[in-house]
2 protein chains.
Amino acid sequence: MTRLNRDDIVSGAGRRFATHGYLGTSMRDLGDDLGIHGSSLYSHVGGKQELLVAVVERGAAFFEQAAADALEMYSAPRERMRGLISGHIDVLVEHRPEARTYLTEVDFLGDGERRRVNGMRDRYEDAFRATIADGVSQNVFRSDCDPRLAAIYVLSILNALDRWYDEEGRLTRDEVAEDIYQFVISGLS
Amino acid sequence: MTRLNRDDIVSGAGRRFATHGYLGTSMRDLGDDLGIHGSSLYSHVGGKQELLVAVVERGAAFFEQAAADALEMYSAPRERMRGLISGHIDVLVEHRPEARTYLTEVDFLGDGERRRVNGMRDRYEDAFRATIADGVSQNVFRSDCDPRLAAIYVLSILNALDRWYDEEGRLTRDEVAEDIYQFVISGLS
DNA sequence: CCTACCGATCGGTAGG
DNA sequence: CCTACCGATCGGTAGG
């Protein structure tokens, strides 16, 4: 039982925020999870709001990195889409607390920070939109599909995963990725 | 300025819960919205929890009714799917506060009520799943698609609408419905 | 529907 | 990292 550092506390906050929500988490709850008094958290962090910022930023960074990797690794639209889908699922499974907090608690950020995070989300969405637009102009996707809307649909499917997908369940990560890929590719073709 | 009744208060609660969340709404906030003191609400309702139950139940009932209408009105799988999609969008647009609260605040219900509501949600999902399964057995949809997963995908797209669709924006209700229908039908074909 | 109020809990601070 | 504490706010009640 060694002393906690800031990272431990941000991780703990991520777990609590993901399961109980930002408003549903008190500093005392968080302290209990970590085995210290709620008030002791203030030796490590400035406050509850600062913890939310840290957790959400971690989540946003994971998704940003996943998109960058997919775009670098593949260039054909279909492969890129497959890579984006897999990457998204990987982030969701491997960093669930941060991913979920990022997806559901953005509204509780301050104005400036929320705008920043929404900007990151828009850039992430752009990776999907651009991939679809490429596919359209290369005639591998339907020409009558609106890339902006299609990107929203794909991300809607992916983001909803954290409400039902259980890695210990029937489907492996690859199986869901493949199934979603097939659905999406057919939808675009 | 006449006196409020219980329905007014449930409606007001729906609006607040939808925009600020259940935990982010105090009885005083709600009273302010309605022009009375927070404590006066207790002459009309038993408490905050009871309001959440009432709002969520309204939302669930709207979706249930929409599904029943679509199933009664159409029988061919593709038409049924189209009807289910339109119906869902109608509920989202016409009863946004209740729909959104139903979709996002279920976790704050008590155990019994939450199970009841999740049961209603499962039955609603069944309408989509059964429609897809029918389509598969009638060879109008791909035979390699899992109706259970496909239903989740369609509902993911539909439920996400309330985070971005604006009826005052570029797209009419019918245009989104048509676009989603095309995407989904292609994904299933 | 209002006034006046209760006990509990909240985010956060002082001082060690 | 703990103890002791603060002012604010919460859901809810009593009495009218």
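Predicted model, so just to flag it, every value in this text is computed and none were measured. Chain naming here is simple, since letters A, B, ... match the order of the sequence lines and numbering starts at 1 in each.
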Regarding the side chain of A/Leu4, the nearest nucleotide among C/dT3, D/dC5, D/dC1 is D/dC1
Could A/Glu57 and A/Arg116 be called an ion pair, given the rule that one side-chain N must be under 4.0 Å from one carboxylate O?
-> yes
Applying the 3.5 Å cut-off to both distances, the Watson-Crick or G-U partner of D/dG11 turns out to be C/dC6
With a 4.0 Å cut-off, would you call B/Glu105 and B/Arg114 a salt bridge?
-> no
From NE2 of B/His20 across to P of D/dC10 the rounded distance in Å is 12 Å
Q) Is the closest side-chain donor-acceptor distance between B/His37 and B/Tyr42 under 3.5 Å? A) no
field: A/Gln65 side chain to A/Asp69 side chain, donor-acceptor N/O pair below 3.5 angstrom
entry: yes
Winner on side-chain proximity to A/Ile36, out of D/dC1, C/dG11, D/dG12, is D/dC1
Looking only at C/dC10, C/dC1, D/dG11, the nucleotide nearest the B/Ser26 side chain is D/dG11
What residues 40-50 of chain A contributes to the DNA chain C interface at heavy-atom separation below 4.0 Å is A/Tyr42, A/Gly47, A/Lys48
Query - B/His44 versus B/Asp8, side-chain donor and acceptor atoms under 3.5 Å - result: no
Exercise for the section: Could you tell me whether the side chains of A/Asp90 and A/His95 share a donor-acceptor contact shorter than 3.5 Å? Expected result: no
*asked:* Would you say CZ of B/Arg82 has more than 12 non-hydrogen atoms from neighbouring residues, nucleotides or ligands within 6.0 angstrom?
replied: yes
Between CZ of B/Arg28 and C1' of C/dC1 the distance, given in whole Å, is 16 Å
So which protein N/O to nucleotides 14-16 of chain D N/O distances come out below 3.5 Å?
none

In whole angstroms, the gap separating P of C/dC10 from CG of A/Leu30 amounts to 12 Å
When rounded to whole Å, the CG to P distance for the pair A/Leu23 and D/dT9 reads 15 Å
* To do: Give a yes-or-no answer on whether the side chains of B/Tyr153 and A/Asp179 include a donor-acceptor pair shorter than 3.5 Å.
  => yes
Whole-Å distance, B/Asp32 CG to D/dG11 C1', equals 15 Å
From CD1 of A/Ile9 across to P of C/dG11 the rounded distance in Å is 15 Å
note: A/Leu51, atom CG; C/dG11, atom C1'; distance rounded to Å ~ 12 Å
Atom NE2 of A/His37 and atom C1' of C/dG12 are separated, to the nearest Å, by 15 Å
C/dG16 -> Watson-Crick or G-U wobble partner, both distances under 3.5 Å, gives D/dC1
>> Under 3.5 Å, is there a donor on one side chain and an acceptor on the other for B/Arg58 and B/Ser11?
In response: yes
